[in-house]
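Read the structure below first, then the notes.
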Amino acid sequence: MPIGRSVGRGATIRRRANVQPTLIEPSRTFAGRLRHRGLVAAGRFVVVAVWGAIMAGWLLLYVPVLLAAAALVALVWTTQGRGGGLALIALVTVALVVWSPAHPDSWERCVASRCHRFARRIRYRWNWADLMAAAEVQSRDAHHIVRVPRLLYCRLGRYADLLTVQLCPGITPEDLEAATEAIRSEFRALEVRVLPHERFRGCVWLRVICSDTLLDPTAPPKGPDADRPPDLTKLHLGRREDGEPWLLRLLGRHLLVAGATGAGKSSVVASLLVQLAPAIHAGTVRLIGIDPKGGMEFGLYRDLFHLLACETEEDMVRALEAAAELVADRARSMAGVTRQHEPTVEEPFYVVLVDEIASLTAYIGDRGLKERAKQALGRLLTKGRAPGVSVVGCVQDPRKDVLEVRNLFTTRIGLRLAEKTEVPMVLGEGARERGALCDRIPMSAPGVGYLVEDGSTVVTKVRAAYVDDDQLRWLAQTFPCPTLEVLPEVVDLPDQQRRPRKSKSEREAS
Ligand SMILES: Nc1ncnc2c1ncn2[C@@H]1O[C@H](COP(=O)(O)OP(=O)(O)OP(=O)(O)O)[C@@H](O)[C@H]1O
């Protein structure tokens with residue numbers, strides 16, 4: 001039957017077995033065999049020489065210093081002859097050898113990092129199809145033609161490279177995610193992440209992290225500027241894995257920071273405060289602090305707070321309820337007028353900062369208080385975003401029975417976590433497969449974590465800036481909150497909580 005031709009209904013499927021390889025009969029004489037081998041070797045030599053020349057030219061384009069040296073050698077060789085050319089080559093070689101130890105920074109910037117980038121690009125292009133096939137990221141069409149995703153474009157960076165990959169029929173981003181460990185190992189990268197492509201459908205980005213920019217602690221970006229209030233949609237908290245600044249949106253968001261003890265939760269909060277301080281002082285942002293550690297955390301910068309509850313559990317729950325009442329009032333006044341609150345001095349943006357949120361939702365002994373705390377927190381998290389009240393909560397233990405409301409936080413950061421089962425509890429299902437390896441963050445890297453935003457599958461590794469206690473004290477002295485609120489004596493509780501509990505006989509009667 002002829003291959004690939006339609007017969008009746010349907011089409012004949014081409015199979016590998018239908019393709020007969022053409023066999024070349026080897027020459028039987030010794031001289032013939034020698035001639036054949038010589039021709040093959042010469043052909044290979046020409047291919048390698050042409051390939052080497054192309055690669056050398058390409059490398060020179062990557063490293064302008066080498067290009068300039070090569071151009072100078074060529075000029076001297078043509079004008080002064082071979083002697084001058086060879087002498088210059090020797091001189092350039094010595095200069096390069098001396099440069100590296102004498103000025104390591106400039107050597108790294110001008111030569112080494114550019115050579116590494118060149119080598120990475122070659123490695124990505126050279127191994128791509130084989131790697132995809134070996135990692136089983138391949139599909140087979142009706143004609144038994146095997147396809148793999150195509151590597152379209154490589155954008156190389158100092159710390160991370162971004163590869164644009166076109167998916168082929170039958171291959172999903174999840175298939176690529178499943179192969180990230182194989183890709184990471186083949187490209188000798190630190191981490192590999194699959195991100196949705198912002199412009200082209202059917203393509204994804206592969207972020208290949210090649211050097212760890214988050215290894216060293218980051219200093220706060222710059223001293224807070226009293227004249228320029230911060231942009232609440234872009235608070236500069238630290239650094240991202242690709243070396244870019246980590247800009248966090250707080251307006252209209254709730255933030256959960258989860259991490260084991262010593263993971264650096266307070267450094268995320270402190271970097272946030274560094275950014276918010278001028279706005280706190282100007283009165284457009286107000287902080288409500290709830291510190292179950294009795295003021296150990298927030299007491300250091302007490303003056304930044306509009307309201308600080310840290311003495312008793314009752315106080316802390318009342319502070320939460322006061323914030324929830326504020327949300328309800330604002331929502332009523334905004335009804336039919338606007339859907340998103342604009343912070344002003346008269347109507348400021350409130351940040352409810354809770355250190356160790358599980359202390360309120362799980363570890364309070366009094367069941368009535370615990371229920372009140374849960375309800376107030378639930379009201380804040382479900383209704384607070386549009387009226388301009390955001391909750392920033394820290395938690396050590398993210399288990400469901402400890403923190404039932406965690407899914408209501410729209411931005412979640414997982415710092416170092418004790419177990420890998422905790423990663424989906426904080427960042428959502430599949431986050432660990434997408435690269436959020438919170439359980440592998442070493443203890444020596446406090447402040448490092450993975451960030452996931454609601455409605456997005458993108459996982460970003462970040463490190464919060466390191467703010468020491470002296471800086472925090474200075475911040476509180478320089479940018480104190482102009483208003484100070486005390487807790488209302490009587491909190492207007494919802495009816496159902498004020499009603500006394502019915503006895504069993506009363507319940508049965510009713
Ligand atoms: N971003 C950072 N960069 C460098 N070092 C940091 C950073 N954040 C925290 N550290 C260091 O790690 C130590 C522990 O951090 P931190 O107190 O913030 O952890 P935590 O998660 O709040 O712990 P706990 O839950 O016990 O309060 C700090 O004393 C500080 O020296």
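These numbers come from a predicted model, not from an experiment. For ligands, and for the atoms within them, numbers begin at 1 and follow the listed sequence.
Within the structure, ligand 1 has Ala260 among the residues with a heavy atom less than 4.0 angstrom away. The closest approach between Glu297 and ligand 1 falls below 4.0 Å for a heavy atom of the residue. Within the 4.0 Å heavy-atom cutoff, Gly262 counts among the residues contacting ligand 1. Heavy atoms of Ala465 come nearer than 4.0 angstrom to ligand 1 in at least one pair.
A salt bridge links Glu191 with Lys461: the closest approach of a Lys/Arg side-chain nitrogen to an acidic carboxylate oxygen falls below 4.0 angstrom. Salt-bridge check for Arg193 with Glu241: passed, with a basic side-chain N closer than 4.0 Å to an acidic carboxylate O.
With hydrogens left out, the protein atom closest to atom 26 (O) of ligand 1 is Thr261 OG1, 2.6 Å, a heavy atom. Arg463 NH2, 3.5 Å is the protein heavy atom nearest to atom 4 (C) of ligand 1. For atom 9 (C) of ligand 1, the closest heavy atom belonging to the protein is Pro446 CB, 3.7 Å. Counting protein heavy atoms only, atom 18 (O) of ligand 1 is closest to Ser266 OG, 2.4 Å. Taking atom 31 (O) of ligand 1 as the reference point, the nearest protein heavy-atom neighbour is Tyr466 OH, 3.5 Å. Looking only at heavy atoms of the protein, atom 1 (N) of ligand 1 is closest to Ala464 O, 2.9 Å.
Counting heavy atoms only, Lys293 comes closest to atom 27 (O) of ligand 1 of the residues Arg416, Lys293, Lys265.
Under the salt bridge (charged side-chain N to carboxylate O under 4.0 Å, His left out) criterion, the residue pairs touching residues 344-360 are Lys293-Asp355, Arg330-Glu347, with sequence neighbours excluded.
Within a 4.0 Å radius of atom 13 (C) of ligand 1, the protein contributes no non-hydrogen atoms. In this structure, atom 29 (O) of ligand 1 has its sub-4.0 angstrom surroundings free of protein heavy atoms.
For ligand 1, the atoms sitting less than 4.0 Å from at least one non-hydrogen atom of Gly447 are 1 (N), numbered in the order shown with element in parentheses.
Judged as a side-chain contact (heavy atoms from CB on, under 4.5 Å), and not counting sequence neighbours, the contacts of Pro196 are Thr457, Val458.
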task: Please step through side chain to side chain contact (heavy atoms under 4.5 Å, CB included) for the pair Asp231 and Leu235, ending with a clear verdict.
output: CA-CA 6 Å; Asp231 181 352; Leu235 296 169; over 6 Å; no

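Between the side chain of His281 and the backbone N or O of Pro480 there is at least one donor-acceptor pair closer than 3.5 Å.
Checked against a 3.5 angstrom limit, the closest N/O atoms of Gly264 and ligand 1 fall inside it.
Counting non-hydrogen atoms of neighbouring residues, nucleotides and ligands closer than 6.0 angstrom, the CD atom of Glu311 reaches no more than 12 such neighbours. Within a 6.0 Å sphere centred on NE2 of His197, other residues, nucleotides and ligands contribute more than 12 heavy atoms.
Counting all heavy atoms, side chain and backbone alike, Trp205 lies closest to Arg199 at CZ2-NH2, 4.2 Å. The two residues Asp216 and Arg239 have their closest heavy-atom pair at O-NH2, 3.5 Å.
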